[in-house]
> 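Handing you this structure, nothing more for now.
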There are 2 protein chains.
Amino acid sequence: MVNIFDVAKLANVSIATVSRVTSNKEGVNEKTRVAVLEAMDKLGYRPNSAARTLRMSKSNIIIVLMLNIKNTFYSEYIRGLEEVARNAGYDLLIGSTDGDIEKEKNYMDLIRDSRVDGVILTTAGVLNDDFVKKINESSPVVLTFDYVPGQNIPSISIDNESASRKITNHLINMGHKRIAHITGYMGRLQSQTRLNGYKQALAQHNIQVQEALIQEGGYLLQDGYIATQKLLSFEKVPTAIYGGNDNIAIGALKAILDAGLRVPEDIAVVGFDDVEVASYMTPSLTTIHQPRYEIGKRAMDLLLKKINEEQIQQPHVILEDELMIRESCGHNIVKK
Amino acid sequence: MVNIFDVAKLANVSIATVSRVTSNKEGVNEKTRVAVLEAMDKLGYRPNSAARTLRMSKSNIIIVLMLNIKNTFYSEYIRGLEEVARNAGYDLLIGSTDGDIEKEKNYMDLIRDSRVDGVILTTAGVLNDDFVKKINESSPVVLTFDYVPGQNIPSISIDNESASRKITNHLINMGHKRIAHITGYMGRLQSQTRLNGYKQALAQHNIQVQEALIQEGGYLLQDGYIATQKLLSFEKVPTAIYGGNDNIAIGALKAILDAGLRVPEDIAVVGFDDVEVASYMTPSLTTIHQPRYEIGKRAMDLLLKKINEEQIQQPHVILEDELMIRESCGHNIVKK
DNA sequence: GTGAAAGCGCTAACAC
DNA sequence: GTGTTAGCGCTTTCAC
């Protein structure tokens, strides 16, 4: 392994000067700088990052914690995170906790070992609030996709509540009164917020919330499928199903079609998130679009500011969502 | 930051002893060990990993390089990688190159800086062979999902060629003669291998390969959609379309249905990979299943062996794939 | 079974 | 503008 001494020797300077060059410090004579650069090049020298980390207590690694990476939804988001991080010289470590306590502890250790300079939290539970609090104590943190009121953790998200209200209203405006909602995993804040929006929309139109129409699910395809099968066996089958995310909606779609019913003619279906495949379903899925790439970029911008201890003017950023009206809600179908 | 000296002082031992305890070395009196453990606990001590890395030139980080993380297909695989890595005390750094030279260089630097102990390559191009070679020179590498004959890089994959032959044969056996193939990005070895399998199957049945029926695509939904639109405008429309992966097949499905045709009655569709949503399409997608979790686990096993310089008996492992016969191929439809 | 001390490669304070 | 040097926190050899 070639080190700073080798370079210094070849360039006929001291290691301090080499360090100045590699760290892009000012105050090095141009000639000297060139000589060092040439020596580095000739030897193929690259500064040892462990030594740097040890010396400066700075790892240049940022960890992105997610509930799971299974969802395609997040790839755009990660691209956004990555782009900003990389430009600032940081590497990204992606970890999925899968809600597993053991794994959470593992990441907690990583973070506490100060092996990372910052944390992006993609998963705001309400149950494991303690986890979030602990992380926040040991490292700069930014929260994404969730907005926790009264928290001192900066966050980037859409307004899940109003978006949920919006898509529920869309169904109501099309004449639906018996609208079922299949929630995501209720240990996640997001699921609760979306459920709230659903309830608010019903209340605004004086529609009674029926507990039977609220099915607690999960964020997987099969969760939507199973919950829908249950809903279909009700004496009074709902006329519309609102899935807490697109996976749930896609599962619902399948269950309805498998039962020999039509979407949207018999039952309308809508989702949330606008994953890529949503528009490729038949019928294509009406859903809420989140600006995921933008969320990733802005989150990383914020985190870097926190790491550099810059002033953050606006800790909570709420971006615009968009209702994507497609076929599955039946907006272009004559009501029966 | 509490360090090894603080612990040593509190436990009334030297730092060498503390080190022996944290590193699980033998030859420490049980009483002493307990005393050290207690001191560590009281102070909340965790060894500084940068110092460890510097001292031992070992980072305990393994990097997983992927073409992109957009594909849900890979989440299971990463779970497999993660599980094995974590048990062995390694952390995973996931990076996607997106085929971007700049990004590839970035990762190359990371690897050469010896900031990682090993590399899992999820992306075997044929074009950027140089990239692979360079990585292989600076770090232990294992290749996944592709098998490069005559390479000295260990690999875990299915046999893409025979699997491709199998699914093409399945279509032929159902009476199809005009079978189109929409390939993935041809800069990727996998796409070429799957194309080969397709051609071999046709040849085995004395069906002439028609260049027009081979459409070069990409691995995205829209690639399948666009290529299929083109195929549909042929005077002699194919009776079956084989997408180089499930995304392509899902895009094809949509294009056919959008054109007012039926799947599988008018045109059969099959894919490759068996992503989760494949069985949730209507009609559900016939495809090739890859044991992704297993591929991840085995790959990491191999890599750890390489890192520890253990003997590797079988550098190339080929796992079983499975033909998932569902509705989109029309196996249960009376031929018209 | 335990301790003293060298040194991994680097940055930054200080001296010149 | 450049060099000398201490020291980041740890592991490991060599004594005892």
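Here is the naming used below: chain letters follow the sequence lines, and residue numbers restart at 1 for every chain. Since the model is a prediction, treat every value here as computed from it, not as a measurement.
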> Let me know, please, whether B:Arg20 or A:Asn3 comes out on the 5' side of the other along DNA chain C by nearest nucleotide.
B:Arg20
> Looking only at side-chain N and O atoms, does A:Thr32 come under 4.0 Å of OP1 or OP2 in D:dT2?
yes
> Closest to the A:Ala51 side chain: C:dG3, C:dC10, D:dG3?
C:dC10
> For B:Lys306 and B:Asn308, test the side chains for any donor-to-acceptor distance below 3.5 angstrom and give the result as yes or no.
no
> Would you work out how much the helix from C:dG1-D:dC16 to C:dC16-D:dG1 bends between its ends, with each end axis defined by five base pairs, to 10 degrees?
40°
> Whole Å only: how far is the CD1 atom of B:Ile4 from the P atom of D:dC10?
5 Å
> Assess whether one donor atom and one acceptor atom, taken from the side chain of B:Arg46 and the base of D:dG9, lie less than 3.5 Å apart.
no
> Do B:Glu83 and B:Tyr293 have a side chain donor and acceptor closer than 3.5 Å?
yes
> May I ask you to say what B:Thr17 touches in the nucleic acid, namely base, sugar-phosphate or nothing, with a heavy-atom cut-off under 4.0 Å?
sugar-phosphate
> Ring of A:Phe145, cation from A:Arg298 - is the NZ or CZ under 6.0 Å from the centre and inside 45° of the axis?
no
> Within the 4.0 Å heavy-atom criterion, would you say B:Ser23 contacts the bases, only the backbone, or no part of the nucleic acid?
sugar-phosphate
> Would you be so kind as to tabulate the donor-acceptor pairs closer than 3.5 Å made by side chains of residues 26-44 of chain B, with sequence neighbours excluded?
| from | atom 1 | to | atom 2 | distance (Å) |
| --- | --- | --- | --- | --- |
| B:Asn29 | OD1 | B:Lys31 | N | 2.8 |

> Categorize A:Lys58 for me: base, sugar-phosphate, or nothing, with a 4.0 angstrom heavy-atom threshold over every strand shown.
nothing
